[in-house]
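So the structure is just underneath, and the comments pick up after that.
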Amino acid sequence: MTTRVADRRPLTLRVVMSSFLVLWLIVAAFPFLWTLWGSFKVEGDFFSKADWLNALTGPLTVSETGSSFTGSGYYGAWVQEEFWRAAMNSLIVVVCVVCISLTFGTLGGYALSRSPYRYAFWLLLVSLVFRAMPPITLVSGYLLPFFEWNLWGHLPTAIIVLVAINQPFTLWMLTSFFRNIPKDLDESAMMDGCSRFQAFRHVIIPVMWPGVITTGLFSFLLAYNDFAVTAMLLSKENQTMIPKIASFLGTTQTKGNVMFAVSSVISVTAPLFLLVMFFQRQIVSGLTAGAVKG
Amino acid sequence: MKHKTFLWFFLPSGMAMFLFIAMPIVSVLTQSVFAPHEQVIREVENCTLFGCSKATQIDQEATRALREAEPMGRFVGPSIYTDRNHLAFAEVAGIWRNASGLGNFFGQVTNLPFYDALSFTLTYTALVTPLSLVLGLIIALAVNGLPRLFRGPVIFVSLLPMIVTPLVGALILFWMIDARGILGAALQALAGDPGLSVKASTPLMWAMLIVYGVWSSAPFAFVIYYAGLQTVPGDTLESAMIDGASRWERIRYVILPHLLPLTTFMALIKIMDNFRVFEPIVSFSAGAHAKSLSYFIYSDLGGETRLLSSAAATSVLTIAGIIVLLSPVLVRTWHAFGRVRA
């Protein structure tokens with residue numbers, strides 16, 4: 001059907017649409033390519049006063065380092081400024097947040113999808129409101145109690161906070177996913193004498209993985225991309241990658257420091273790039289799952 | 001499902017949300033009506049050979065004792081809400097009396113810090129939401145006309161601006177529009193003004209933030225619209241064609257109505273997301289030109305003196321703003337649910 005409609009499109013329309021699409025692709029991809037290329041240059045080339053072409057050819061990079069590509073930005077960020085420590089912290093935070101929030105979310109989402117009562121609806125509505133809270137407003141609520149109870153600055157604190165902020169979204173997504181698994185499946189298991197939990201354990205868990213993986217991708221993105229919570233709740237030595245990049249910006253006075261930020265920006269983007277490459281289908285279906293349900 | 005089983009299944013998730021979302025809201029509410037203790041001043045008499053003189057000094061010990069006894073601070077009621085940095089009732093009333101016209105009134109009011117942040121946040125939300133939806137729709141229509149082979153790679157590239165960390169994506173754009181970056185240089189050449197700098201101009205800064213907003217949220221609209229286009233009923237399209245509907249009429253009367261529910265859904269999500277705009281302002285170091293409500297809270301919380309009470313008051317006002325924005329949706333969902341039950 002779609003191809004037939006497409007074939008009948010008049011030529012001018014097709015040309016306009018294609019050129020628009022090409023323009024959009026450039027707008028979407030060029031900034032990343034440009035920054036990737038520039039991250040192997042020195043600051044004088046990436047931010048060139050004389051000529052923007054310097055960022056492509058890199059005359060200063062050649063004269064300063066002897067070759068037209070340099071890894072000094074990466075070396076400075078990862079080794080000198082210990083970006084690897086931030087990367088380790090990010091890894092811990094992200095893995096813990098994804099595991100915990102999926103565990104909580106599958107249990108809660110399953111219960112919400114199987115409950116016929118009115119309170120299940122209210123819980124979903126309340127979590128929609130929670131989903132709308134800007135994280136920074138919650139952070140301003142955490143600071144004082146966390147200082148009082150000496151919880152501020154530790155990784156577990158940030159992890160549990162991110163899990164909680166993640167819950168409303170996870171619940172919505174998994175509830176709509178579990179609703180698509182026929183009720184008969186677990187109910188017939190319970191007829192056969194399983195308890196509710198056994199039915200969940202033996203019947204639902206084996207078939208829930210596609211939905212859980214999709215939801216997990218979005219939990220991953222939330223934890224990985226977070227700035228508000230990790231920047232305000234973690235002490236300097238426990239910083240994750242995103243606040244670390246922001247801290248490079250605060251000290252740009254020293255020459256070359258901005259290149260640390262450029263190279264770490266590329267380091268942070270690379271895993272996301274791979275993620276989209278391998279999980280494009282799941283990301284797209286996850287984005288649309290909520291919309292189709294309305 | 002029995003109530004008791006439901007409780008056990010929902011408990012971990014419910015506890016997490018209760019402790020770290022509901023309680024902080026309570027904490028923010030209480031903090032916003034308390035202010036830090038002032039230092040305890042003690043009067044001491046210094047007597048020397050030539051007589052006695054009175055002097056005031058800070059009683060460190062008493063201050064510490066007081067702060068430890070009541071860590072919340074002293075109760076000040078709604079005075080933080082009405083002070084100059086928030087709703088600024090006195091200032092707004094003064095401006096209202098002296099302003100020469102409505103335009104002048106709004107111009108002066110938006111110089112006050114809270115209204116400044118509010119006006120940027122609302123402008124950003126009001127512009128970025130529709131613009132990104134329209135851009136997403138056009139991309140979706142264009143991709144839908146492509147041969148199947150090209151669609152995968154095009155979707156892959158289109159997802160990038162959305163998936164990338166907001167702080168990082170905004171930084172990448174910011175470096176390009178730097179006066180020494182490629183886009184900055186291009187702008188200077190276009191305007192014929194070698195001194196032009198986006199960083200120094202408030203309108204350009206607002207425009208750049210909005211461009212970033214559209215860039216990063218159009219992919220979401222695109223993906224949803226694209227999925228919606230796959231489910232457009234073929235029969236309806238075909239009969240519209242047989243009835244002689246032109247291409248534009250088919251889009252206008254068949255495709256757009258089909259996509260309307262998706263549009264409401266996305267508008268809801270995007271309004272929530274855009275209202276909390278925060279990271280791009282940090283990346284663009286735009287604090288001097290454009291503040292959003294979230295950034296306002298962030299700058300109160302950071303820095304040497306953590307202005308917790310002020311941040312708390314702004315947070316409460318922001319939450320109130322969100323609830324006002326969401327209220328039509330909440331009311332509608334509630335009615336819809338009532339219909340289903342009845």
Side-chain angles (χ1 to χ4, degrees), chain A residues 1-2 6 9 17 20-21 24-25 28-29 31-32 34-35 47-49 52 55 104-105 107-108 110-111 114-115 121 125 127 130 132-134 136-138 140-145 148 160-161 163-164 167 171 196 225 227-228 232 242 246 265 268-269 272 276 280 283-284 287-288 291 294, chain B residues 1 5-6 9-10 12-13 16-17 20-21 24-25 27-28 31 71 139 142 144-145 155-161 163-168 171-173 176 178 180-182 185 220 223-224 227 234 261-262 265 272 276 278-279 282 294 297-298 301 308 311-312 315 318-319 322 326 333 337:
Chain A
M1 181 67 217
T2 35
R9 288 187 176 192
M17 281 306 214
F20 173 81
L21 209 53
W24 160 251
L25 290 182
F32 297 102
W34 176 259
T35 312
F47 295 101
S48 176
K49 281 197 188 74
W52 64 268
F104 286 12
L107 291 172
Y110 174 71
R114 292 295 187 262
S115 173
F121 164 78
L125 202 63
S127 60
F130 283 169
M133 298 286 151
I136 192 85
T137 60
L138 300 175
S140 77
Y142 299 137
L143 281 179
L144 190 64
E148 285 291 316
I160 190 71
V161 163
V163 165
Q167 275 309 300
L171 279 181
R196 179 58 86 165
N225 288 346
F227 173 67
M232 301 305 298
I242 309 299
V265 154
V268 167
T269 316
L272 292 175
V276 185
Q280 181 174 334
I283 292 175
V284 169
L287 284 175
T288 45
Chain B
M1 187 181 256
T5 339
F6 179 87
F9 268 96
F10 193 72
S13 175
M17 287 199 291
F20 294 99
I21 303 182
I25 296 175
S27 150
V28 159
Q31 280 185 54
I139 302 171
N144 208 32
I155 294 175
F156 170 74
V157 173
S158 303
L159 281 177
L160 291 178
I163 292 292
V164 72
T165 315
L167 188 99
V168 162
L171 265 179
I172 287 178
L173 288 201
M176 288 172 73
D178 187 280
R180 298 162 299 163
I182 176 168
F220 175 64
V223 169
I224 307 269
L262 297 183
F265 162 81
M272 293 198 294
R276 63 170 73 151
F278 168 50
E279 282 101 336
V282 177
S294 292
I297 300 170
Y298 171 76
L301 288 178
L308 293 181
S315 301
T318 309
I319 294 172
I322 293 253
L326 281 185
T333 325
F337 185 73

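Residue numbers begin at 1 in each chain, while the letters A, B, ... track the order of the sequences.
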Nearest heavy-atom approach of B:I163 to A:L272 is O-CD1, 3.8 Å
If one checks every heavy atom of B:Y298 against chain A at 4.5 Å, the contacting part turns out to be both
Ranked by heavy-atom pairs below 4.5 Å to chain A, first place among B:L173, B:I25, B:V168, B:I139 goes to B:I139
Interface check, chain B: of A:L144, A:V161, A:V268, A:I283, most non-hydrogen pairs under 4.5 Å belong to A:L144
So, the part of B:L171 with a heavy atom under 4.5 Å from chain A: the answer is side chain
Bottom line for B:L167: the part with an atom under 4.5 Å from chain A's heavy atoms is side chain
Applying ring-ring contact (aromatic ring centres under 6.0 Å, His included) to B:F156 and not counting sequence neighbours gives A:F273
Cut-off 4.5 Å, heavy atoms of chain A, and the answer for B:L159 is side chain
Per-residue tally against chain B (heavy atom, under 4.5 Å) across A:A28, A:A29, A:S115, A:A228 peaks at A:A28
Correct closest heavy-atom pair for B:M272 and A:A132 would be SD-CB, 3.2 Å
Hits for ring-ring contact (aromatic ring centres under 6.0 Å, His included) against A:F104, two or more places apart or cross-chain, chain-then-number order -> none
Turns out that what part of B:L326 lies under 4.5 Å from chain A's heavy atoms comes down to side chain
Turns out that what part of B:I21 lies under 4.5 Å from chain A's heavy atoms comes down to both
Answer key: most heavy-atom pairs under 4.5 Å with chain B among A:S140, A:P145, A:G105 is A:S140
Side-chain H-bond candidate by donor/acceptor type, A:T137 with B:T318, under 3.5 Å:
no
So, the part of B:T5 with a heavy atom under 4.5 Å from chain A: the answer is side chain
